Number of protein chains: 4
Amino acid sequence: MAATQPERSRDRDRTQGEILEVATREFAEHGYSGARVDEIAERTRTTKRMLYYYFGSKEGLFVAVLEQAYAAIRAAEQTVDVDHLDPVAAIRALAELTFDHHEAHPDFIRLVSIENIHRGEHMAESLAAINAPAVERIERILRAGREAGVFRADVDAVDLHMLISSYCVFRVANRHTWQALFDRDLLAADRRDGYRTMLGDVVVAYLTG
Amino acid sequence: MAATQPERSRDRDRTQGEILEVATREFAEHGYSGARVDEIAERTRTTKRMLYYYFGSKEGLFVAVLEQAYAAIRAAEQTVDVDHLDPVAAIRALAELTFDHHEAHPDFIRLVSIENIHRGEHMAESLAAINAPAVERIERILRAGREAGVFRADVDAVDLHMLISSYCVFRVANRHTWQALFDRDLLAADRRDGYRTMLGDVVVAYLTG
Amino acid sequence: MAATQPERSRDRDRTQGEILEVATREFAEHGYSGARVDEIAERTRTTKRMLYYYFGSKEGLFVAVLEQAYAAIRAAEQTVDVDHLDPVAAIRALAELTFDHHEAHPDFIRLVSIENIHRGEHMAESLAAINAPAVERIERILRAGREAGVFRADVDAVDLHMLISSYCVFRVANRHTWQALFDRDLLAADRRDGYRTMLGDVVVAYLTG
Amino acid sequence: MAATQPERSRDRDRTQGEILEVATREFAEHGYSGARVDEIAERTRTTKRMLYYYFGSKEGLFVAVLEQAYAAIRAAEQTVDVDHLDPVAAIRALAELTFDHHEAHPDFIRLVSIENIHRGEHMAESLAAINAPAVERIERILRAGREAGVFRADVDAVDLHMLISSYCVFRVANRHTWQALFDRDLLAADRRDGYRTMLGDVVVAYLTG
DNA sequence: GATGAATGAGGATTCATTCAT
DNA sequence: AATGAATGAATCCTCATTCAT
């Protein structure tokens, strides 16, 4: 039998997890400055004191929240396998998966917006490693497409990732101003398929054009 | 008849303008919650009391800042004329102008991010009218392209506007997390032309593909 | 009739004065770190908020307390005139006045001890000017004594001031440890005259020896 | 028989000694209230818990620190033998030794200041016994001087000890405020000899005057 | 209309200490 | 005897706002 953690440690992990969960919601909801440490503590089974015990400060807690959010998002992405498809189908599938993924995680997108408002000052160095696979997968598809002669040759994987991300992120992140300016709900259910297809079309047209 | 404002009123306008200018910087810099009313007042020639006198509350001031920011941005956009070009050249020109425009106004983009974090609750209704021309211009280009048989027929002007905006906004708004995750500066001067061309290519390929 | 201050300003001064008075007691009693801002506010007719409004921080308040304490002590000293006495009588009178003065102001001595524990980091520059007269007076007496041929010629006024101060300060400042170590109350009323005379003897013997 | 302490006890003594050493520095540096139990523990190879285990409380630790500091200081003083000198030379030698001794132990002087701020409430009773020899030695010199007819007869040993101590302590303890008030560094190396001689002169003049 | 002074309510954080084994 | 984890109760400070003229 594998070594079992002592009861204590599991409590510790569970409590930290609970704090992170509640803090994620609070930060995503109100931004870094708008989030209230008291509020986070109150919605937890522990006290504000424990929050400081585990995370040191409001800032330390936010860093932990960001770290966990990125880890969760990349873990979810990893599950997808698109390598066996032909290049065109693969890149469309990847774009569409990214599309659905963003729609499913609005809190993550809000956290990223918030972190950018704070000029990325809470981004741990470890995050770069976590995100590398996303680009590598695109790289593999691009290479296959170039070798098959169906993709233009001058496209960089990071830049294509940006093209896909910008579309997916904007739809979620800028939903509210877009609604006010153009009276259009970017997340309306009856438009979702259209937007998803549009993204695939954009990416494929660009790569094969 | 020329407006003959009394001396008082001109003072009033100048003071309000100064407050708005300082407040725009403060809100863009620190977010809504992070912005400090004291700080704004201090960087102004008036007092905090006047700020409340003119704008009622921190929220009222933020609404005024947003309103002014949108008005300024659309006024600048209006000066561009792309209608006389052929559809492909016109849409590329428009996309590239939008690209440069966003790069030139990072504070505006930050304010929009901030407002989206706050779920668009400070967006005045009047803003819809201000932004309509941007879509109408795209509409005109799309129609010309469709009639000339060079554009696909199923593209909506608002959606194309989103495609262009998302790319331009993301580059500025998500610069910091992107730098941390992929070690790439999206605003590096030596990549600007490449990114601008890429956007044009994307849009044209999509429309003509 | 002289200009009368507006009612408001007098309130302000009175309130600040009250805060300083209470803060002086609290700092003298518990030291800088041991003093409680809440406690000071509570013993005042104002709120803790006003304390920060007027003095900015606990540290700002402590600086103000020190400044006022030094000003008060030197103002009291100034009232004494010893210049018309012969040098020996004058220096003895000055020493004895200093002696009584210190005994009468134990809180001041405590504040000075506390400030020395904090390495003098709260001493305003203005204090040097306030204290110059004390040395100048000694200087005048020393000069007269040297000219009369009754004092040794190599004594510096600041150093003689230190000799006198050290004796007077120690009696008050180190009272408690002295009591514990030697079972002697340095401030016992029935020893006061003896200690006062001893100081005069020490100073006169040194100068005339 | 040589003491054969069990290994455990020696560990215990070593740990306690380390805690005391670190705590002495921390209390001397920041005062009683300003000292941080966490900080002390962190600079030790043990944990905060052990500190409570051995000393019971912050106060208990401070009492132990004081006790040890007094013991160390008196032990050092004891090594000096001045009894074989003639009374005038002996008292001057003793004063000058005390002078050097204080300069060499500023932390001890700071601890004593701190304890006096706290009204001597942490002074263990045992300290009286430790300090008795200091006075007894002065008593012997005074008696010899009186019998030789070179000293005045009305001087008490404790009081002479105070005269010497006050001068030596003040120079170290009040260094910082003196610097700020009179722009003079009482511990400047090039003044040390002068101050030491001055003390001897003062004491001898008083006793023989 | 214009303004210097004042403030209630809340905000992040720290402190010495004890629990549970 | 020895100890890693946990914590109640403060502690200093700040914020948007309003009072009183």
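Just so we're clear, the structure is a prediction, and the values are computed from it rather than from any experiment. Convention: sequence-line order gives letters A, B, ...; per-chain numbering from 1. Atoms considered below: every heavy atom in the structure, side chains included; atoms not considered: hydrogens, waters and symmetry mates.
Looking at Glu18(B) and Arg14(B), no side-chain N of the basic residue comes within less than 4.0 Å of a carboxylate O on the acidic one, giving no salt bridge. The existence of a salt bridge linking Arg43(D) and Glu39(D) is confirmed by a sub-4.0 Å separation between a basic side-chain nitrogen and an acidic carboxylate oxygen.
Between dG4(E), dG8(E), dA16(F), one nucleotide has an atom nearer to the side chain of Val37(B) than all others, and that is dA16(F). For Arg12(A), whose side chain is taken as the heavy atoms from C-beta onward, the closest listed nucleotide among dT17(E), dT13(E), dA6(F) is dA6(F).
Judged by closest nucleotide on DNA chain F, Tyr54(A) is the one of Ser33(C) and Tyr54(A) placed further toward the 5' end. In terms of position along DNA chain F, the nucleotide closest to Met50(A) lies nearer the 5' end than the nucleotide closest to the other residue of the pair Met50(A) and Arg49(B). With the nearest nucleotide of DNA chain E identified for both Lys58(D) and Glu59(A), Glu59(A) has the one nearer the 5' end. Of the two residues contacting DNA chain E, namely Arg36(A) and Gly56(A), the nearest-nucleotide position lying further toward the 5' end is that of Arg36(A).
Formation of a donor-acceptor pair under 3.5 Å by the Glu26(A) side chain with backbone atoms of Val37(A) is not found in this model. A donor-acceptor pair under 3.5 Å is formed between the side chain of Tyr32(C) and the backbone N or O of Glu59(C). Between the side chain of Glu115(A) and the main chain of His122(A), a donor-acceptor pair closer than 3.5 Å is present.
In this entry the distance linking CG of Asp38(D) with C1' of dA6(F) reads 13 Å, nearest Å. When the C1' atom of dT21(E) is taken as reference, atom OH of Tyr53(D) falls 13 Å away, rounded to whole Å. For the pair Phe55(D) CZ and dT3(F) P, the interatomic distance rounds to 14 Å; values are reported in whole Å. One interatomic measurement links the two molecules: CD1 of Ile19(D) to C1' of dT3(F), which rounds to 13 Å at whole-angstrom precision. The distance between atom CG of Leu51(D) and atom C1' of dG4(F), rounded to the nearest whole Å, is 15 Å. In this structure, the OH atom of Tyr32(C) is 14 Å from the P atom of dT11(F), given to the nearest Å. Across the protein-nucleic acid pair, Tyr52(B) atom OH and dA5(E) atom C1' stand 15 Å apart, rounded to whole Å. Between the C1' atom of dT11(F) and the CD atom of Glu42(C) lies a distance of 13 Å, rounded to the nearest Å.
For dT18(E), the paired base is dA5(F) (Watson-Crick or G-U wobble, both distances below 3.5 Å). For dT11(F), the paired base is dA12(E) (Watson-Crick or G-U wobble, both distances below 3.5 Å).
As judged by a 4.0 angstrom heavy-atom cut-off over every strand, Ala35(D) is placed among residues touching the sugar-phosphate backbone only. Nucleic acid contact class of Ser57(A) (heavy atoms, under 4.0 Å, all strands): sugar-phosphate only.
At a cut-off of 3.5 angstrom, the base of dT17(E) holds at least one donor-acceptor pair with the side chain of Lys48(D).
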